[in-house]
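All heavy atoms count here, side chains included; hydrogens, waters and symmetry mates do not. Given the structure is predicted, the values throughout are model-derived calculations rather than measurements. Proteins come first, then strands; the chains are lettered A, B, ... in the order of their sequence lines, and each starts at number 1.
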Amino acid sequence: MTEIESKIDEKEQKILHGIPMWPQEKINRFRETLLSWYDIEKRDLPWRKNNDPYRIWVSEIMLQQTRVDTVIPYYLNFMNNFPTIEALANAHEDVLLKAWEGLGYYSRVRNMQKAAQQIMEDYDGEMPKDPKEISKLKGIGPYTTGAIASMAFGLPEPAVDGNVMRVLSRLFEIDADIAKPGNRKIFEAIMRELIDPYKPGDFNQAFMDLGSSICTPKNYHPELSPVKEFNQSYQNGTWDKYPVKSKKKKAKPVYYVGAIIKNAEGAFLLEKRPENGLLANMWTFPLIEEESVTHEAEIKKGTLTGVTDENKTEQVIKNVMAELEAKYAVKPTLMEQPFDEVQHIFSHLKWFVAVYYGQVVKEEESMFIPENCYWVHPSDFDHYTFPGPQTKMWQSYLSKFNHN
DNA sequence: AAGGCGGGGCA
DNA sequence: TGCCCAGCCTT
């Protein structure tokens with residue numbers, strides 16, 4: 001045993017202080033029980049076809065904060081389009097982003113490509129086996145490191161995600177708040193004790209399957225669990241107290257005017273968002289933050305009211321026109337009222353977008369738009385990656401203006 | 001340690 | 001509606 005490893009063990013012993021660990025005999029029975037259940041009940045998932053590190057890696061990145069059912073079609077499509085680490089490393093970013101459209105957390109795919117390029121340059125095109133090396137790759141944190149090491153390479157590394165923390169907190173009646181990042185190491189320490197050294201990948205995945213099928217956040221029925229005899233909170237009748245998880249802050253409202261501008265050729269003005277931050281490098285109709293738009297829309301008798309403060313309608317139009325001319329160099333004829341309001345909830349923001357429609361009549365007025373903007377015909381929209389709010393604006397436009 | 005970063009499914 | 005989900009990066 002190296003010096004570094006023994007230090008980690010010492011540290012984790014301290015963390016475990018207060019949480020009584022089971023005797024080895026009980027640990028052995030637990031492993032056997034859980035793995036037997038997994039052998040029978042495990043889900044047939046595309047990335048479980050073999051132990052190819054690339055296949056496992058892609059699935060783990062997609063599954064971050066994303067449900068299995070959502071991921072499957074994206075996964076199949078992605079593996080078809082980018083079947084190897086090399087293909088991923090050499091892909092064009094906009095093609096990559098398009099393959100990720102709708103999955104969310106788009107920096108995941110940009111980081112994954114950077115990691116693929118790291119692997120081509122530093123590791124001869126092969127995913128490294130050493131967890132220390134794996135965790136150096138962009139976008140791969142403690143969880144994904146453990147997942148790849150255990151599932152692809154059979155190493156006894158913990159892979160602690162939300163499922164594992166929930167299951168463990170119920171098994172051992174752990175009061176630590178699982179929303180606090182610092183508490184992850186408690187659960188890692190326990191998993192290092194529990195993990196089956198011969199089938200670490202199956203062991204980790206058994207926790208995932210248990211967490212998503214039986215040991216769920218809601219509608220939890222501990223009496224149905226294959227490991228109920230090991231479940232301390234079930235035996236003590238305290239299971240409804242676990243896990244302890246502090247609440248997240250509410251999404252902050254942000255108000256925009258969305259300007260759907262059509263030119264004489266029937267093309268629409270699209271803008272590429274900045275390369276960093278929210279929805280980086282994705283395409284939307286011009287969005288103008290508008291503080292006067294401080295009301296949620298009410299649709300009464302087919303008419304949209306309440307989107308803007310009363311008496312401020314004219315001011316909103318003036319602001320929008322000024323911004324369109326200054327930033328986008330267009331002077332469209334604009335509807336005096338928005339035709340719809342689109343709402344979109346992110347994890348930390350809630351957008352309210354009052355959608356206006358306008359046309360640029362004269363051809364020469366639409367010639368000098370900025371570099372990050374294009375006039376795009378709807379038949380070419382497929383080549384542009386649209387985030388949720390953009391798709392909602394476009395669908396609303398189609399339903400209002402494109403019928404009959 | 002806290003906040004930014006998507007989107008959909010569910011009661 | 002609010003909460004949840006096979007988290008990671010930046011500050």
Side-chain angles (χ1 to χ4, degrees), chain A residues 42-43 45-48 55-75 97 100-112 114-115 134-148 150-151 158-167 177-185 187-188 191 201 203-213 215-220 243 245-254 273-282 284 296 343-351 385-392:
Chain A
K42 67 180 168 193
R43 291 169 289 179
L45 300 171
W47 45 90
R48 286 180 174 171
R55 295 177 59 83
I56 291 169
W57 175 30
V58 172
S59 75
E60 290 302 338
I61 300 298
M62 284 191 172
L63 285 161
Q64 286 168 11
Q65 301 292 286
T66 312
R67 285 183 162 70
V68 168
D69 291 341
T70 306
V71 164
I72 289 174
Y74 282 94
Y75 179 79
L97 203 55
W100 212 266
E101 183 183 67
L103 257 190
Y105 288 132
Y106 298 94
S107 65
R108 289 185 291 177
V109 71
R110 279 190 294 271
N111 285 338
M112 193 163 61
K114 283 180 198 140
I134 296 175
S135 64
K136 286 181 186 168
L137 298 169
K138 198 82 178 164
I140 297 187
Y143 164 76
T144 308
T145 299
I148 293 172
S150 64
M151 297 175 201
V160 174
D161 68 338
N163 282 315
V164 170
M165 289 192 283
R166 185 170 61 253
V167 174
D177 184 351
I178 66 169
K180 301 279 185 202
N183 286 333
R184 197 196 68 251
K185 58 184 184 296
F187 299 93
E188 280 181 353
M191 278 306 260
F203 190 86
N204 282 334
Q205 291 181 84
F207 264 76
M208 316 285 177
D209 280 18
L210 190 63
S212 65
S213 62
C215 195
T216 49
K218 298 171 191 170
N219 299 325
Y220 172 43
K245 188 170 189 181
S246 54
K247 291 185 173 114
K248 279 187 288 191
K249 278 170 52 178
K250 236 181 106 176
K252 183 185 131 190
V254 188
R273 294 177 60 83
E275 60 181 333
N276 290 308
L278 183 64
L279 306 175
N281 286 341
M282 301 179 82
T284 67
E296 295 185 31
Q343 299 182 6
H344 191 84
I345 301 171
F346 300 93
S347 26
H348 58 306
L349 297 175
K350 181 168 182 180
W351 281 13
T385 306
F386 284 1
Q390 170 66 16
T391 303
K392 288 176 184 173

Has A:Arg108 got a side-chain atom pairing as donor or acceptor with A:Leu103's backbone, closer than 3.5 angstrom? yes

If you measure from the P atom in C:dA6 to the same atom in B:dC10, how many Å do you get, rounded? 14 Å

So which heavy atom on A:Gly211 is nearest to which on A:Arg166, and how close? O-NH2, 2.8 Å

Donor-acceptor pair, distance only, cut-off 3.5 Å: does the side chain of A:Arg55 make one with the backbone of A:Pro46? yes

Which nucleotide sits closest to the side chain of A:Tyr105: C:dG7, C:dC4, C:dA6? C:dG7

Using a heavy-atom cut-off of under 4.0 Å over every strand shown, decide if A:Ser347 touches base, sugar-phosphate, or nothing. base

Quick one: label A:Arg273 by what it contacts on the DNA or RNA (base, sugar-phosphate, nothing), any heavy atom closer than 4.0 Å. nothing

Need one value for A:Gly277: base, sugar-phosphate or nothing, where a base atom within 4.0 Å counts as base even if backbone is also close, heavy atoms only. sugar-phosphate

Output the distance between atom OG1 (A:Thr145) and atom CD1 (A:Ile134), rounded to the nearest 0.5 Å. 6.0 Å

Along DNA chain B, first and last positions that approach a heavy atom of chain A under 4.0 Å: B:dA1 to B:dA11

A:Ala147 to A:Ala159 - nearest heavy-atom pair and separation: N-CB, 3.6 Å

Just call it for A:Arg166: base, sugar-phosphate, or nothing, with non-hydrogen atoms closer than 4.0 Å on any strand. sugar-phosphate

Once you round it to whole Å, what is the distance between C1' of C:dG2 and NZ of A:Lys247? 10 Å

Using a cut-off of 4.0 Å on non-hydrogen atoms, how would the nucleic acid contact of A:Leu45 be classed: base, sugar-phosphate, or nothing? base

Please give, in whole Å, the distance from C:dC3 C1' to A:Phe346 CZ? 19 Å

Side-chain donor/acceptor of A:Arg43 to base of C:dA6, under 3.5 Å: yes

Taking CE from A:Met165 and P from C:dA6, how many angstroms apart are they, rounded to a whole number? 11 Å

Under 4.0 Å between any heavy atoms, over every strand shown, what does A:Lys392 touch: base, sugar-phosphate, or nothing? Just pick one. nothing

For A:Thr391, all residues meeting side-chain contact (heavy atoms from CB on, under 4.5 Å), sequence neighbours excluded: A:Phe386, A:Gln395

Pairing of A:Lys247 and A:Asp177 as salt bridge, 4.0 angstrom limit: no

Mind checking if A:Thr66 touches a base, just sugar-phosphate, or nothing, with heavy atoms under 4.0 Å? base

Nearest-Å distance for atom pair CE/P, residues A:Met208 and C:dA6: 9 Å

For a quick check of understanding: with a heavy-atom distance under 4.0 Å over all strands, which category does A:Trp47 fall into, base, sugar-phosphate or nothing? base

Would you confirm whether A:Thr216, through its side chain, and A:Ser213, through its main-chain N or O, come within 3.5 Å as a donor-acceptor pair? no

One should read off an interatomic distance between A:Met62 CE and A:Tyr75 OH, to the nearest 0.5 angstrom, of 8.5 Å

Taking atom C1' of C:dA6 as reference, at what distance in whole Å does atom CZ of A:Phe203 sit? 16 Å

Given C:dG2, C:dA6, C:dC5, identify the nucleotide with an atom nearest to the side chain of A:Lys248. C:dC5

Of A:His344 and A:Lys249, the one whose nearest nucleotide on DNA chain B sits closer to the 5' end is A:Lys249

Distance, rounded to the nearest Å, where A:Tyr106 contributes OH and C:dG7 contributes P: 17 Å

Whole-angstrom distance between C:dT10 and B:dG6, as gauged at atom P: 14 Å

To the nearest Å, give me how far apart CG (A:Leu103) and C1' (C:dC5) are. 13 Å

Looking across every strand, which nucleic acid part, if any, lies under 4.0 Å from A:Val164 by heavy atom: base, sugar-phosphate, or nothing? nothing

Mind checking A:Phe207 for me? I need base, sugar-phosphate or nothing, with any heavy atom below 4.0 Å counting as a touch. nothing

Please round to the nearest 0.5 Å and tell me the distance separating atom OH of A:Tyr143 and atom CD of A:Gln64. 8.5 Å

Examine A:Tyr74 together with A:Trp100 and report whether their ring centres are nearer than 6.0 Å. no

Would you mind telling me which residue lines up with the more 5' stretch of DNA chain B, A:Lys218 or A:Gln65, judged by nearest nucleotide? A:Gln65

Below 3.5 Å between N/O atoms, which protein atoms pair up with nucleotides 8-11 of chain C? Just atom names and distances, please.
unit_1: C:dC8; atom_1: OP1; unit_2: A:Gly141; atom_2: N; d: 2.9
unit_1: C:dC8; atom_1: OP1; unit_2: A:Gly141; atom_2: O; d: 3.4
unit_1: C:dC8; atom_1: OP1; unit_2: A:Thr144; atom_2: N; d: 3.0
unit_1: C:dC8; atom_1: OP1; unit_2: A:Thr144; atom_2: OG1; d: 2.7
unit_1: C:dC8; atom_1: OP2; unit_2: A:Tyr143; atom_2: N; d: 3.4
unit_1: C:dC9; atom_1: OP1; unit_2: A:Gly139; atom_2: N; d: 2.7
unit_1: C:dT10; atom_1: OP1; unit_2: A:Lys138; atom_2: NZ; d: 3.2

If I take atom CD1 in residue A:Ile345 and atom P in nucleotide C:dG2, what distance separates them, rounded to the nearest angstrom? 9 Å

